[in-house]
Structures are given as structure tokens and as C-alpha cells.
Amino acid sequence: MRFGHIQARLRPHAPAVLPGLAAVALMLIWAVHNGGYDAETWYWGTLASLAILGATTVILGRSGLRVRRASVIAIGLFALYTAWSYLSISWAQSPGDALEGSNKTLLYLLVFSLLVLLPWTPQGALVALLTFVIGVGVIGLVLLFRLAAQDHVGALVIEGRLAAPTGYFNSTAALFMMDALAATLLASRRELPGLLRGLLLAFACSGLQLALIVQSRGWLFTLPLVALAVVLIAPDRLRLAATAIIPIVGALVPIRRLLDVYQSDHGTALAHASARAGQAGLLICSAVFVLGTLASWGDGLVQAPSLSRARRRLIGTALGSVAIVAMCASFVALTHGHPFKFISRQWNGFSQVQMTFSHTSHFGDVGSGRYDFWRVALDGLLTHPIGGLGQDNFADYYLLHRHTAAETSATHSLELRLLAHTGLVGFAVFAAFLVAALRLAIRGRRRPDGLTRGVAGAALMPLVVWLIYGSVDWFWEFPALSAPAVGFLAVVGSLGAIEARGATLATTTRTAPARRLGRPVAILAGALALTLGVVVVGFSYLSVREVSLASSVRFTNPAAALHDLKIAAELNPLDSLPGRLAGTIALQNAQYVVAEQRFQQSISRERLGWFSWLGAGLAASALGQRRQAHADFVIAKSINSQQPAIRQALARVYSRAPLTSAEAFKLLVVTD
């Protein structure tokens, strides 16, 4: 009887929670595997997302899904952008990169479609969001424990800054900022148990502490805009401001120890500084947990007084003033007591190509390559205004127009990424998708019940960080950031669709023959789309797997590696990587004919791939084909004139001692 009662209580939430938790599990897996950046990681996640969406659609059926006109419009716009992304393969200089970028876009479309169509209840959405917040919070606490225990600190901290778990400083800061904001908003809700609220505050505190260890200047510069967006979005701002004081103070108390990690970037000094930071962080988080739990219990026992609007404004002004003072104090501390000098130096150094490094804090470093990245991205837009360069085709274009020594594939801005990669058309379509999705989400945020409004506000925090902080960085490439951003936006949108009775895609007004015809057509279209997605993503994933297998045996069994790469090239006829890697392996094993063939295969798929031209020239030189080698080196230099290996190869091609492949590989300089 008791089990039946529990089953009856869970039944309304299960249709959304079960597939939703599967999607959240993927987000957490990506978070601990380099943010999901590696193709081998996110490709299988895409196939899993396809399977989850397909199974959910079949099991729940149309009646079990929350199909609303606004939801379908948002999905349709995102699907249109994805289709435009795939279409960009036809004009991209590197079709293989465009295909891979389009497949990643498809992944985000799948995540959004799944979560916006699920019949979420406020309680179910809370469970999904709590799972994500607690999961990332646990990851953060484990990192603090590892720092405190000096457990392989060199793999966690690079150049004095925390890179784990995503492998990139700024994406790590963004992940923990997402978690800290969502945890703080949830902890302000009286509907949650006191112990859970205390735990959430501890996770928020640890997230802020880890973001400080990262020392991301982009995080620091965008923090005021993020805070403003939180104030605009969050319900019950008074409660939020009072709640936020606890984790903010908890992060500021050990700030010196957290920042000192940067000054000890290797060896015993790094281990000692990391241990001090980790131990202090854990101690403060424990205190925050106890204090937060006691405060939450007290909050639950005391009836909230009914305050007039004037009184609420007075209290809000006081709490806001405290928060502003805390932010100013932290900014002064981070800039070592010279905030205005810091702002002036950073502004003047924005357009500098040459970096000026500080020995005390990364926040004091001056100079950035972003100015040049953005300049070239805008140039690419002006050159190809309609369709852009092609999805994920910025790398080759940047090499040709750069004023730095960097070799980057990222524009380091979400907006410029959309414009440079997919042109004005792609930017407009994706912007329309965001507008449609946000309009739907606003409905959820304005629901009358406090729990729904609270969950909706907290669930939008990943999107806030992704949009604002991502405007000066390259977060699209990390599924651990992009999937929660669009995924929880979809969850809030689904909550907003609950009341949209009139917006239901009604079939009652259709004639019986139309209904009979429409259902099979919809099923057939869905099955074809699913099959096409499995084929496109599946073959690409198998190709990536073959490349991975080849990489693992390239030094012990080069023949097997070359065979694997041949299969990889056949599975994905657009990708230049299998030919480029196979040519490199053949060169290293003195198989110069094979090397030349494989490099030519890579060149046919990516005409601006400088390394393949260099490799083809080295193979031709080793075969005594000096004229052909010279022609290949000239093309390589026209693409990448700053590469020392190319300059040496070209200078020595007609000499008695042409540059060998072994010498060339030692001269290679790859920067990012």
C-alpha cells in the first residue's frame, strides 16, 4: 500500500524526470572529461541524445509530450540554424571542420528539443536542476580535496591557474560560476529543506573559490554584467541578496591563499600553495554549510513578516549596498589595491599583441590576442557576409590575416562566432531562436507559484553565464557549458508552456482524413530525420574512433595505425585529419611514397592546411623531387609564413642537405 502511494506521487513527474536526468548525466560526464571538448567524447553523447529523444518520443507519444506552438517555433528556428550550418559545408574551405561543427550544433539542438518537449512539473524540474548543481558541486569539492591533499596538483593547476576539470581555464571558471549562481538561487527558497539549503550554499562557496583560483580576467570583467542579469531575472531579490552574502563572504575570507597559487606555478612550492588554498577552502565551506543550515532552519521557523513596499525597498537598498561594498572590496583585493590603475592598464593593453605578465596575479597581466581574433572575425564577415566562412572554418582564415603568432580556431566570442562562421543569415536565425526560447522561458519565470518562479530563475543561470561571459570567450565548443545553457533554457520554456492552453497545436479542428494523413507523415518524417542523424553522426564518430585507435598505436605498430587511418578517411570523406596524421606517421617511418599520397589526400579535403603542404614537400624532397617540394613549400609559406620549419625547408630545398622530416618536426612551433 505504501509503495503504491509513493508510485502515485512519482507518476506525474516520471515522464520528464527519467529522460531529463539522462540528459543531465551527459552534462556531468562531459564536465569531468575536459568539458566534453574532445570529439570522441561528445560524438557518443550526440548518439546517446538521439537515442534518448527517439525512445522518449516513441514511449510518451504526442499526447505525453508537451507540444506547444511556441515550443515548435523555437525548435524549428534552432533546426533551421542547424540546417544552415550543414549547408555551409558546401562553401567552407575545410568541409571536414564544417561537418564536425554542424554535428556539434545538432547535439545542442537535440538537447534543447528533448528538454523543451518533456512534460516538466515544477518538482521534476527542481530534481533535474538539483542533480546538475549538486553534481558540479561535488566535482568542485573533490578538486578542493585534491588540492588540499596535494594529489597530482600538476595535472590540475597549469601555470599557477586551475584548469581542471574542463582543461581550459576560462571554461572551468564558467562551469563553477554557473553552479554557484544556480546553487545560491535555490538556497534562497524556503520550500527546500534546511540541510539541502546549507549544502547548496557550501557548493556555491566552493564554486566561487575555484573561480578565483582560475584567475580568469574575462570572468572578472563580465562579473558586473552577470550580477546585473541575476538581479533582473531572480525572483525574491531580498531573500537572494541576504542568502548570497554567506557564500560571497566565504569566498573572500581565504582570498589571499586562493590567489597565492598563481605565484607558485610548479614543484614543491605549487604543492604547498595548493594545499594551503585547498585546506582553507574546505574549512570555510564547512563553516558555510553549518551557518547556512542553521540560518535556513531559523528561516523555516520564523514566519516571514509582511513588509510594505517602502520597507522592502529600504531593506533591499541596504542589502544591495552591502553586496556592492563586498564586490568593490573583492575587486580592490584582486587588483592589489589599485583598481583604477588596473582598469586603465587593461584597457590600454586590450589591443596589444604582446602580453605583459605579472608575477603576483594573472589578473594583473596586460595584453590579449582577442583584439586580433575579433578583427579577423569581422573581416571574415565583411568578406563573406551572407553565409560566413563556414561552420568552424575560422582557423585557416585567421592564419592568412593574423597580426599575432597564435594559431587559433576560435573567435573567442559567441556573437562573432555566429557571424564569422554562418554569416548574417545564421546570426539572424540563431538570434530569432534565442528570442523565441526566451519568450517561452519568461512565461515560466512569471508563473504565480513561488517554487516554479524560483526554479525557473535558477535554471536560467547557466544561460546567463554562457551568453555574457561567452561573449568574450569560446564556450560554444564545450558541451559541458553549452548543453546546460540551452538545456535548462528548454526546461524553463517547458514550464512556461504549461499555461499556454490556447497555443496547443490542436488537431480537433482538422478533419478526420487530415488527422489520419498527418500522423503517418509526421512519424515518417521523424523516422527519416532520426535515421539521417544516426548515419551522419554515426559515420563521423566511427571515423573519430579509428583516428583515436591509430594515435594509440602509431609508435608501436605504424602499419596498423596507417590501416586504421585509411578506414577513418573512408568513413568520413570530408575530414582532412586522417590523411594528415597518416602522412606524418609515414614520414616518421621513411615511407615517403605513402606519406606523399596521404598528404595529398588531406590537401584535397583542406586546401589551406599548411601542415599537409609542408608534409607533402618533405616527402617529395626525400624522394628527390626538389621542384615539387619547392612548390609545396611555397604554398605552405603563403598560408603560414611564421612557421620556422617552413622557412628552413624552403631555404634548404635545393641545398646538399635538404631539411629532413625529423629536423622539421623539431622546428615546429604551434601556438594558441
Side-chain angles (χ1 to χ4, degrees), residues 24-25 27-36 129-153 155-158 161-187 196-216 219 223 226 243-244 246-255 257-259 261 274-290 292-293 458 461-462 465-466 469 475 478 480-481 483-484 488:
V24 172
M27 300 175 193
L28 295 175
I29 292 172
W30 288 325
V32 296
H33 286 85
N34 288 332
L129 184 59
L130 279 173
T131 302
F132 175 77
V133 171
I134 293 174
V136 176
V138 169
I139 294 170
L141 286 181
V142 168
L143 284 175
L144 284 177
F145 271 111
R146 293 188 63 184
L147 292 175
Q150 302 182 27
D151 179 21
H152 296 87
V153 174
L156 307 176
V157 179
I158 301 173
R161 303 170 61 198
L162 181 68
T166 68
Y168 172 52
F169 306 119
N170 295 351
S171 59
T172 292
L175 177 67
F176 289 121
M177 192 63 184
M178 288 178 176
D179 194 63
L181 292 176
T184 303
L185 263 71
L186 289 175
L196 179 57
R197 293 171 68 184
L199 183 64
L200 290 171
L201 288 174
F203 286 150
C205 183
S206 67
L208 292 175
Q209 290 174 350
L210 292 169
L212 285 169
I213 298 177
V214 172
Q215 296 202 29
S216 165
W219 171 79
L223 189 58
V226 171
T243 304
I246 299 176
I248 290 175
V249 172
L252 293 177
V253 169
I255 190 170
R257 290 195 175 190
L258 300 176
L259 298 181
V261 176
S274 299
R276 293 178 72 245
Q279 291 163 6
L282 288 172
L283 180 62
I284 297 298
C285 287
S286 300
V288 167
F289 169 68
V290 174
T293 301
M461 291 303 102
V465 175
W466 186 73
Y469 189 2
F475 294 157
F478 292 87
L481 302 179
F488 286 111

**Student:** Got L196 and L186 here, is their nearest side-chain heavy-atom distance under 4.5 Å?
**Tutor:** no
**Student:** With rounding to the nearest 0.5 Å, note down the distance linking CG in L200 to OG1 in T293.
**Tutor:** 9.5 Å
**Student:** Taking all non-hydrogen atoms of both residues into account, name the closest pair between G292 and L201 and its distance.
**Tutor:**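 Minimum heavy-atom separation between G292 and L201: CA-CD1, 3.7 Å.
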**Student:** When the ring planes of F475 and Y469 are compared, do they come out parallel, tilted or perpendicular, using 30° and 60° as the limits?
**Tutor:** perpendicular
**Student:** Given T172, which partner from the list L162, L143, L210 fulfils the side-chain contact (heavy atoms from CB on, under 4.5 Å) test?
**Tutor:** L162
**Student:** Would you give the length of the straight line joining atom OG of S171 to atom CZ of F176, rounded to the nearest 0.5 angstrom?
**Tutor:** 10.0 Å
**Student:** Starting from the C-alpha separation in whole Å, work towards a yes-or-no answer on side chain to side chain contact (heavy atoms under 4.5 Å, CB included) for N170 and R161.
**Tutor:** CA-CA 10 Å; N170 295 351; R161 303 170 61 198; 3.7 Å; yes
**Student:** Starting at CG of N34, measure out to OH of Y168 and round the result to the nearest 0.5 Å.
**Tutor:** 14.0 Å
**Student:** Going by side-chain contact (heavy atoms from CB on, under 4.5 Å), V142 matches just one of L144, V138, I139. Which one?
**Tutor:** V138
**Student:** Would you say L156 and S274 make side-chain contact, with heavy atoms under 4.5 Å?
**Tutor:** no
**Student:** Could you tell me the separation between the CG atom of L212 and the CG atom of L252, rounded to the nearest 0.5 Å?
**Tutor:**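 The CG atom of L252 is 7.5 Å from CG of L212, to the nearest 0.5 Å.
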**Student:** Is a side-chain N or O of Q215 found less than 3.5 angstrom from the main chain of L259, in a donor-acceptor match?
**Tutor:** yes
**Student:** Apply the test side chain to side chain contact (heavy atoms under 4.5 Å, CB included) to residues F488 and M27: give CA-CA distance (whole Å), side-chain angles for both, the deciding distance (0.1 Å), then the verdict.
**Tutor:** CA-CA 11 Å; F488 286 111; M27 300 175 193; 4.1 Å; yes
**Student:** With rounding to the nearest 0.5 angstrom, report the CG to OG distance, L282 to S206.
**Tutor:** 9.0 Å
**Student:** Going by heavy atoms in the side chains, are I213 and L147 under 4.5 Å from each other?
**Tutor:** yes
**Student:** Passes side chain to side chain contact (heavy atoms under 4.5 Å, CB included), V226 versus L181? Steps please.
**Tutor:** CA-CA 10 Å; V226 171; L181 292 176; 3.6 Å; yes
**Student:** For the residue pair A148 and G278, what are the closest heavy atoms and their distance?
**Tutor:**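 Heavy atoms only, the tightest pair is CB-C, 3.7 Å.
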**Student:** Can you see which heavy atom on P247 is nearest to which on T184, and at what distance?
**Tutor:** CG-OG1, 4.1 Å
**Student:** Quick one: CZ on F203 to CZ on F289, what's the gap to the nearest 0.5 Å?
**Tutor:**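 F203 atom CZ to F289 atom CZ measures 9.5 Å (nearest 0.5 Å).
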**Student:** Taking A277's backbone N and O only, do any of them form a donor-acceptor pair with R257's side chain (distance below 3.5 Å, no angle check)?
**Tutor:**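 Pair absent, no side-chain N/O of R257 close to backbone of A277.
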**Student:** If I compare all heavy atoms of I284 with all of G250, which pair ends up nearest, and what's the gap?
**Tutor:** CG2-O, 3.0 Å
**Student:** Evaluate the side chain to side chain contact (heavy atoms under 4.5 Å, CB included) criterion for residues M177 and L223: first the C-alpha distance (whole Å), next the side-chain angles of each, then the deciding distance (0.1 Å), finally the verdict.
**Tutor:** CA-CA 10 Å; M177 192 63 184; L223 189 58; 3.3 Å; yes
**Student:** Does anything in residues 133-149 pair up under salt bridge (charged side-chain N to carboxylate O under 4.0 Å, His left out), and if so which pairs, sequence neighbours excluded?
**Tutor:** R146-D151
**Student:** Could you report the tightest heavy-atom contact between A458 and L129, atom names first, then the distance?
**Tutor:**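 The answer is CB-CD2, 3.6 Å.
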